[in-house]
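Each remark here refers to the structure printed beneath this line.
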Amino acid sequence: AHLWTLYKDSRPDLKGLVTDQNRFEKHLSPIFGLKTPYEIDPLSVDRFRIKLGKTRAPATVANALELLRRVINFGVNRGICSQPSYKIRLPKVDNQRTEDLSQHQLQSLLKALDEADNQPVAHIMRIALYTGMRRGEILKLKWQDIDFDRGFIILRAPKGGKSERIPMNNQTRTLLETMDRHSEFVFPGKNGGQRVELRKAVRRIC
């Protein structure tokens with residue numbers, strides 16, 4: 001936990017820091033927060049990987065282990081701790097898998113979105129359907145990135161690299177124009193900040 005604090009302080013402009021903070025607090029801190037890198041052995045890492053994999057997707061497990069490895073490497077490179085005697089290996093994740101909805105499934109999903117109690121999350125899912133934007137791109141989206149005059153949405157530093165513009169179709173425009181603007185983020189979390197978690201609400205809708 002001390003290494004994580006030092007790591008954050010040294011990288012205040014790190015892309016994805018909010019997500020990493022949530023990932024550390026939720027997954028890593030309860031298991032490894034009070035241990036030094038020397039005290040974290042391969043068996044404890046394997047147990048963590050297996051336990052987390054029972055309730056989380058392979059990508060979540062890989063991201064958590066990657067963060068653990070990154071923080072330890074930071075400590076080693078800064079001379080704060082010694083190099084562990086083993087390497088933390090990340091599970092392979094198939095990022096190419098894509099699932100398409102049949103017409104019947106799509107109609108059922110749209111009906112579930114209309115009936116959902118959590119309409120902010122339903123709106124996020126609608127935007128994903130209308131635009132093809134990734135989850136992280138949607139959660140980072142700010143009102144200043146919505147160009148209603150020209151009909152574009154600006155993606156700031158997306159996963160692929162440089163910022164880009166995508167066209168805004170009529171469904172997207174209609175949805176965005178009816179939404180309240182009580183935060184700089186289009187889909188804010190608690191207290192108007194950037195939302196970092198929506199898994200449970202999405203699962204209920206699905």
Option passing side chain to side chain donor-acceptor pair (under 3.5 Å) with Y7 (candidates H2, R70, R78)
R70

Is there a side-chain contact between Q119 and R126 in this structure, where contact means two heavy atoms from C-beta onward sitting under 4.5 Å apart?
yes

Applying a strict under-4.5 Å side-chain criterion to I, L, V, M, F, W and Y, I'd like to know whether L175 and I166 cluster together.
yes

Indicate yes or no for a side-chain donor-acceptor contact from E115 to the backbone of A112 under 3.5 Å, with no hydrogens or angles considered.
no

CD1-CG distance between I124 and L113, expressed to the nearest 0.5 angstrom:
11.5 Å

Under a single-linkage definition using a 4.5 Å side-chain heavy-atom cutoff for Ile, Leu, Val, Met, Phe, Trp and Tyr, are F185 and V121 assigned to the same hydrophobic cluster?
no

The reported gap from CG in L52 to OG1 in T55 (rounded to nearest 0.5 angstrom) is 5.5 Å

Might you point out which heavy atoms bring P84 and V76 nearest each other, and give the distance in Å?
CD-CG2, 4.1 Å

For a 4.5 angstrom cut-off between non-hydrogen side-chain atoms, does R165 reach L155?
no

Consider only side-chain heavy atoms of I, L, V, M, F, W and Y, link residues closer than 4.5 Å, and tell whether M133 and V196 are in one cluster.
no

When you measure from the side chain of T131 to the backbone N and O of I127, does any donor-acceptor pair fall under 3.5 Å?
yes

Roughly how far, to the nearest 0.5 Å, is the CD1 atom of I88 from the CG atom of N73?
8.0 Å

Side-chain heavy atoms under 4.5 angstrom apart, residues restricted to Ile, Leu, Val, Met, Phe, Trp, Tyr: same cluster for I40 and V61?
yes

Heavy-atom neighbours of L34 CG exceed 12 at 6.0 Å
no

Residue pair N118, L198: steps toward the side-chain contact (heavy atoms from CB on, under 4.5 Å) verdict:
CA-CA 10 Å; N118 193 330; L198 48 76; over 6 Å; no

L3 side chain reached by C81 side chain, heavy atoms, under 4.5 Å:
yes

Does atom CZ of R89 have more than 12 heavy-atom neighbours, drawn from other residues, nucleotides or ligands, at distances under 6.0 Å?
no

Give the C-alpha distance, both sets of side-chain angles, the deciding distance and a yes or no for salt bridge (charged side-chain N to carboxylate O under 4.0 Å, His left out) between D114 and K111.
CA-CA 5 Å; D114 290 339; K111 184 174 184 292; over 6 Å; no

So L176 and M168, side-chain contact (heavy atoms from CB on, under 4.5 Å) or not? Walk me through it.
CA-CA 10 Å; L176 292 174; M168 187 189 329; 4.3 Å; yes

Given N22 and T19, is the side-chain hydrogen bond (donor to acceptor under 3.5 Å, both in side chains) satisfied, shown in steps?
CA-CA 5 Å; N22 182 63; T19 302; over 6 Å; no

Test item: N191 side-chain N/O and G193 main-chain N/O as donor-acceptor pair under 3.5 Å
no

Can we say E197 and K26 salt-bridge, meaning some charged N sits less than 4.0 Å from an Asp/Glu carboxylate O?
yes

Tightest non-hydrogen contact, residues S10 and F74, listed as OG-CE1, 3.4 Å

To the nearest 0.5 Å, what is the distance between CG (L65) and CZ (F48)?
5.5 Å

Nearest-0.5 Å distance, NZ of residue K87 to CD1 of residue I72
13.5 Å

Applying side-chain hydrogen bond (donor to acceptor under 3.5 Å, both in side chains), run through Q194 and K140 and close with a yes or a no.
CA-CA 7 Å; Q194 182 176 340; K140 289 191 302 183; over 6 Å; no

Within a radius of less than 6.0 Å around CG of D9, do more than 12 heavy atoms belonging to other residues, nucleotides or ligands occur?
yes

Can you check whether F148 reaches E177 side chain to side chain, under 4.5 Å on heavy atoms?
yes

Residue pairs fulfilling ring-ring contact (aromatic ring centres under 6.0 Å, His included) with at least one residue in residues 107-144, sequence neighbours excluded
none

Nearest 0.5 Å please: distance from the CZ atom of F152 over to the CD atom of E164.
11.5 Å

Show your working on side-chain hydrogen bond (donor to acceptor under 3.5 Å, both in side chains) between S44 and D41 and close with a plain yes or no.
CA-CA 6 Å; S44 63; D41 56 22; 3.0 Å; yes

Nearest heavy-atom pair of F187 and P120: which atoms, and what distance?
CD2-O, 4.2 Å

Please lay out, stage by stage, how L67 and L28 fare under the test side-chain contact (heavy atoms from CB on, under 4.5 Å).
CA-CA 9 Å; L67 178 59; L28 297 179; 3.9 Å; yes

Go through the steps to decide whether V186 and K142 satisfy the test side-chain contact (heavy atoms from CB on, under 4.5 Å), and finish with yes or no.
CA-CA 5 Å; V186 179; K142 296 182 178 181; 5.5 Å; no

Salt bridge check: are D46 and R49 linked by an N-O gap of less than 4.0 Å?
yes

Smallest heavy-atom separation, S183 atom then G192 atom, equals OG-O, 2.6 Å

Would you indicate whether the side-chain heavy atoms of L68 and H27 approach each other to under 4.5 Å?
no

Test of understanding: clusters of I, L, V, M, F, W, Y form through side-chain heavy atoms closer than 4.5 Å, transitively. Do W4 and V18 belong to the same one?
no

Looking at E39 and T36, would you say the former's side chain and the latter's main chain have a donor-acceptor pair under 3.5 Å?
yes

Does a side-chain heavy-atom distance below 4.5 Å link Q105 with S102?
yes

Any side-chain heavy atom of E66 within less than 4.5 Å of one from D20?
no

On a heavy-atom basis, which atom in P42 and which in Y86 lie closest, and how many Å separate them?
CG-CG, 3.7 Å

Closest heavy-atom pair, C206 versus M125, reported as atoms and distance to 0.1 Å, is SG-CE, 4.0 Å

Side chain to side chain, I146 and L141, heavy atoms closer than 4.5 Å:
yes

